[in-house]
Amino acid sequence: MIARLTEPELESALGDLTDILHACVQDGASVGFVLPFPPEQARAYWHDHVWPGVAVNTLDLFVARQDGRILGTVQMAPALMPNQPHRADVAKLLVHPDARRRGLGRALMIALEQRAAQIGRTMLVLDTRSSDPSRVLYQSLGFQIAGEIPNYCRNPFEDRLEPTTYMFKDLS
């Protein structure tokens, strides 16, 4: 089941979200963090960076639940600038490594697209490490490559830089 979390639900979701982020980074996801990455840092990310946006409605947080447990998540941040009322950024598509290949990432992205259309956002933008498998998922969902920036992000395991691909999808 895919749902959009509201502020009252955040605290009860914190444990599962912390576990997902921690497990994904440990598994090599390039989502802004590098190893060593303790669970406390994952928890602080949700509490200090995501909750405030959800609380003031500048961020939509979607979750995928199975058997009462959150196994995946994605965020949508509608652009706030006056010349971008049609745009939103997609961030942190995460599916717990133990729950991959079940369609959760695809389902989360479809829910995000439906919400974007509901609030009048017709352009979605995201970036992903060029070598990440998520790039294939995004392309299968109709995202197009805008370009690649070399040496954009640090590899989570090694002290080396890797390229990032910027992608977009026009929902109009």
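Values below: all heavy atoms of this structure, side chains included; hydrogens, waters and symmetry mates excluded.
Counting only N and O atoms by type, the side chains of Arg106 and Ser140 include a donor and acceptor under 3.5 Å apart. Between Glu9 and Ser12, the side chains place no donor N or O within less than 3.5 Å of an acceptor N or O (distance only, hydrogens not considered).
At a threshold of 4.0 Å, the pair Arg87-Asp89 counts as salt-bridged, since one of the basic side-chain nitrogens sits closer than that to a carboxylate oxygen. A salt bridge does not link Arg43 to Asp48: none of the charged side-chain nitrogens sits closer than 4.0 Å to a carboxylate oxygen. Ion pairing of Arg135 with Asp127 is absent here, as no side-chain N (NZ or NE/NH1/NH2) approaches a carboxylate O to less than 4.0 Å.
Here the options are Leu61, Val50, Leu10, Leu94, the test is side chain to side chain contact (heavy atoms under 4.5 Å, CB included), and the partner is Leu17; only Leu61 passes.
Residue pairs meeting the side chain to side chain donor-acceptor pair (under 3.5 Å) criterion with at least one member in residues 109-119, sequence neighbours excluded: Asp60-Arg115, Glu113-Lys169, Arg115-Gln118.
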Set out, in order, the CA-CA distance, both residues' side-chain angles and the distance that settles side-chain hydrogen bond (donor to acceptor under 3.5 Å, both in side chains) for Thr165 and Ser130, then state yes or no. CA-CA 5 Å; Thr165 300; Ser130 298; 2.7 Å; yes

Applying side-chain contact (heavy atoms from CB on, under 4.5 Å) to Val90 and Val125, what does each step give before you reach the verdict? CA-CA 6 Å; Val90 178; Val125 179; over 6 Å; no

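Of the possible donor and acceptor atoms, none in the side chain of Arg129 sits under 3.5 Å from a partner among the backbone N and O of Pro163. In terms of modelled atom types and a separation under 3.5 Å, the side chain of Asp132 and the main chain of Ser134 share no donor-acceptor contact. Judged purely by atom type and a 3.5 angstrom limit, Thr73 uses its side chain to pair as donor or acceptor with the backbone of Phe62.
Side-chain contact check for His86 versus Pro78: every heavy-atom pair is 4.5 Å or farther apart. For the pair Asn151 and Glu162, the minimum side-chain heavy-atom distance is 4.5 Å or more. Proximity of Leu59 to Met76: side-chain heavy atoms (C-beta onward) are nowhere separated by under 4.5 Å.
Contact record, Ala116 with Leu171: CB-CD1, 3.9 Å, taken as the closest heavy-atom pair.
With sequence neighbours left out, Phe157 forms a ring-ring contact (aromatic ring centres under 6.0 Å, His included) with no residue at all. With sequence neighbours left out, Phe33 forms a ring-ring contact (aromatic ring centres under 6.0 Å, His included) with Phe37, Tyr45.
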